[in-house]
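The chain is numbered in sequence order, starting from 1. Since this is a predicted model, take the numbers as computed values, not measurements. Computation of the quantities below employed the complete heavy-atom set of this structure, encompassing side-chain atoms and omitting hydrogens, waters and symmetry-equivalent molecules.
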Amino acid sequence: MRVWLEKRTNMLLVTMIYILILIQYPAGIAITQLILHKNLTAAMEPSYLLLWGLTRIVVVLPLIFVLMQRLSWDNNNIFMRFGDYKKVTAITFWLTFGFMLLGLGLYPWFLHSTNLNPILLLEYLPVFLLYAISNAFVEETFFRGIMQNYFSLKLPISFAIIVQAILFAGIHFYSPMSSNLLLFVGLTLVLGLIWGYLTNKYRSLLPAIVLHVVADIFVAVSLF
């Protein structure tokens with residue numbers, strides 16, 4: 001009975017974390033519209049990105065640590081390590097370089113065009129970085145670290161990667177980050193698969209976190 005209750009409690013905690021990540025953007029948009037009486041385009045300001053990023057750190061991250069403690073997992077279980085340092089560093093560098101080139105090419109197709117001039121971009125860059133780093137760290141720890149590992153205990157690793165990628169793509173159905181929602185969700189599904197594969201292959205979250213940071217910076221810049 002005790003084991004059954006512990007499993008149900010863990011699943012409830014996993015579900016709670018997922019829902020908190022899922023509703024963060026629509027909740028922020030709704031609050032903005034209700035309190036400030038502004039639509040999304042008019043209401044987007046760097047301070048909102050900062051708030052969203054800090055919410056992940058202050059609210060979601062502690063729950064992730066609680067879940068890890070309940071599962072008796074440490075950083076090694078969720079691949080919060082370098083693994084083979086030379087290989088991980090090399091693949092992270094080259095993938096980041098390629099990903100930035102790809103992002104510059106795809107940028108006009110699925111994101112809003114930005115009105116930021118170079119001066120404003122430099123002014124807002126610390127906020128974009130804080131948002132991107134906090135968001136990427138929390139989501140990669142949860143999806144590629146915890147969820148993928150959790151499902152791999154019950155499913156073959158290929159299916160575990162697919163399941164976590166689908167769940168990861170699912171949170172982006174409510175994201176204001178793109179003018180083409182289906183294309184954006186499809187892209188996040190592909191990225192979830194790639195990042196899941198990289199995490200499993202190199203036994204490290206570092207490549208996925210760095211690539212996620214780059215992706216989030218592109219997205220953040222596109223909103224203004």
Side-chain angles (χ1 to χ4, degrees), residues 14 17-18 21-22 53 56-57 60-61 64-65 67-68 71 73-107 109-111 128-173 175 177-178 183-220:
V14 168
I17 295 171
Y18 183 79
I21 294 175
L22 177 69
R56 295 271 168 107
I57 295 295
V60 180
L61 193 58
I64 289 176
F65 288 142
L67 179 60
M68 288 176 59
L71 294 171
W73 287 0
D74 57 19
N75 290 340
N76 289 325
N77 292 107
I78 64 170
F79 308 126
M80 191 60 69
R81 58 188 180 185
F82 279 104
D84 187 327
Y85 176 81
K86 292 183 178 179
K87 286 185 178 180
V88 170
T89 303
I91 195 65
T92 300
F93 173 81
W94 288 113
L95 284 176
T96 301
F97 179 73
F99 194 61
M100 290 179 68
L101 293 179
L102 180 64
L104 290 171
L106 293 176
Y107 191 80
W109 290 94
F110 65 94
L111 293 173
F128 294 156
L129 284 172
L130 180 57
Y131 163 75
I133 292 172
S134 61
N135 190 61
F137 180 80
V138 169
E139 290 189 359
E140 291 307 314
T141 301
F142 182 65
F143 287 101
R144 259 62 69 181
I146 291 179
M147 295 291 278
Q148 184 166 301
N149 191 14
Y150 185 81
F151 287 121
S152 69
L153 299 176
K154 308 174 184 299
L155 301 169
I157 185 60
S158 56
F159 285 97
I161 291 173
I162 292 172
V163 172
Q164 64 81 20
I166 292 173
L167 291 172
F168 174 67
I171 68 172
H172 294 87
F173 272 106
S175 173
M177 301 304 190
S178 174
L183 184 60
F184 187 61
V185 172
L187 178 64
T188 58
L189 175 62
V190 173
L191 291 176
L193 292 171
I194 294 173
W195 295 339
Y197 169 79
L198 290 173
T199 300
N200 180 65
K201 180 176 177 60
Y202 294 100
R203 319 304 286 179
S204 173
L205 280 175
L206 180 64
I209 290 176
V210 174
L211 292 173
H212 200 150
V213 169
V214 174
D216 280 348
I217 290 176
F218 274 112
V219 170

Participant: Identify the heavy atoms of Leu205 and Gly145 that sit nearest to each other, and give their distance.
Facilitator: CD2-N, 3.9 Å
Participant: Measure the spacing between OH of Tyr131 and CD1 of Ile217 and express it to the nearest 0.5 Å.
Facilitator: 11.0 Å
Participant: Contact between Tyr18 and Val14 at the side-chain level, heavy atoms closer than 4.5 Å - yes or no?
Facilitator: no
Participant: Is a side-chain N or O of Thr188 found less than 3.5 angstrom from the main chain of Val185, in a donor-acceptor match?
Facilitator: yes
Participant: Specify the closest pair of heavy atoms between Thr141 and Ile64, including all atoms of both residues, with the distance to one decimal.
Facilitator: CG2-CG2, 3.9 Å
Participant: Do Arg144 and Phe168 form a cation-pi contact, if we require the NZ or CZ to be under 6.0 Å from the six-membered ring centre and within 45 degrees of the ring's axis?
Facilitator: yes
Participant: Does anything in residues 188-214 pair up under salt bridge (charged side-chain N to carboxylate O under 4.0 Å, His left out), and if so which pairs, sequence neighbours excluded?
Facilitator: none
Participant: Which side-chain N or O atoms in residues 90-97 pair as donor and acceptor under 3.5 Å with protein atoms at least two apart or in another chain?
Facilitator:
residue	atom	partner	partner atom	Å
Thr92	OG1	Val88	O	2.6
Thr96	OG1	Thr92	O	2.6

Participant: Go through the structure and list residues passing side chain to side chain contact (heavy atoms under 4.5 Å, CB included) with Ile194, not counting sequence neighbours.
Facilitator: Val190, Leu198
Participant: Which value, rounded to the nearest 0.5 Å, describes the distance between Leu22 atom CG and Phe173 atom CZ?
Facilitator: 10.5 Å
Participant: For Val163, what residues pass the side chain to side chain contact (heavy atoms under 4.5 Å, CB included) criterion, not counting sequence neighbours?
Facilitator: Phe151, Leu155, Leu167
Participant: Applying side chain to side chain contact (heavy atoms under 4.5 Å, CB included), can you list everything that pairs with Ile157, at least two apart in sequence or on another chain?
Facilitator: Gln148, Ser152, Ala160, Ile161, Asn200
Participant: Measure the spacing between CG of Leu191 and CG of Leu211 and express it to the nearest 0.5 Å.
Facilitator: 8.5 Å
Participant: According to ring-ring contact (aromatic ring centres under 6.0 Å, His included), does anything in residues 188-210 pair up with another residue at least two apart or in another chain? List the pairs.
Facilitator: Trp195-His212
Participant: Within this structure, what is the CG-CD1 distance for the pair Leu71 and Ile146, rounded to the nearest 0.5 Å?
Facilitator: 7.0 Å
Participant: List the atom of Gly192, the atom of Ala165, and the distance in Å for their closest heavy-atom pair.
Facilitator: C-CB, 3.7 Å
Participant: Taking C-beta and beyond as the side chain, do Ile21 and Arg56 meet within less than 4.5 Å on heavy atoms?
Facilitator: yes
Participant: Hey, what do you get for OG1 (Thr199) to CD (Glu140), rounding to the nearest 0.5 Å?
Facilitator: 6.0 Å
Participant: Rounded to the nearest 0.5 Å, how far does CD1 of Ile162 lie from CG of Leu193?
Facilitator: 6.5 Å
Participant: Is there a side-chain contact between Gln164 and Phe142, using heavy atoms and a 4.5 Å cut-off?
Facilitator: no
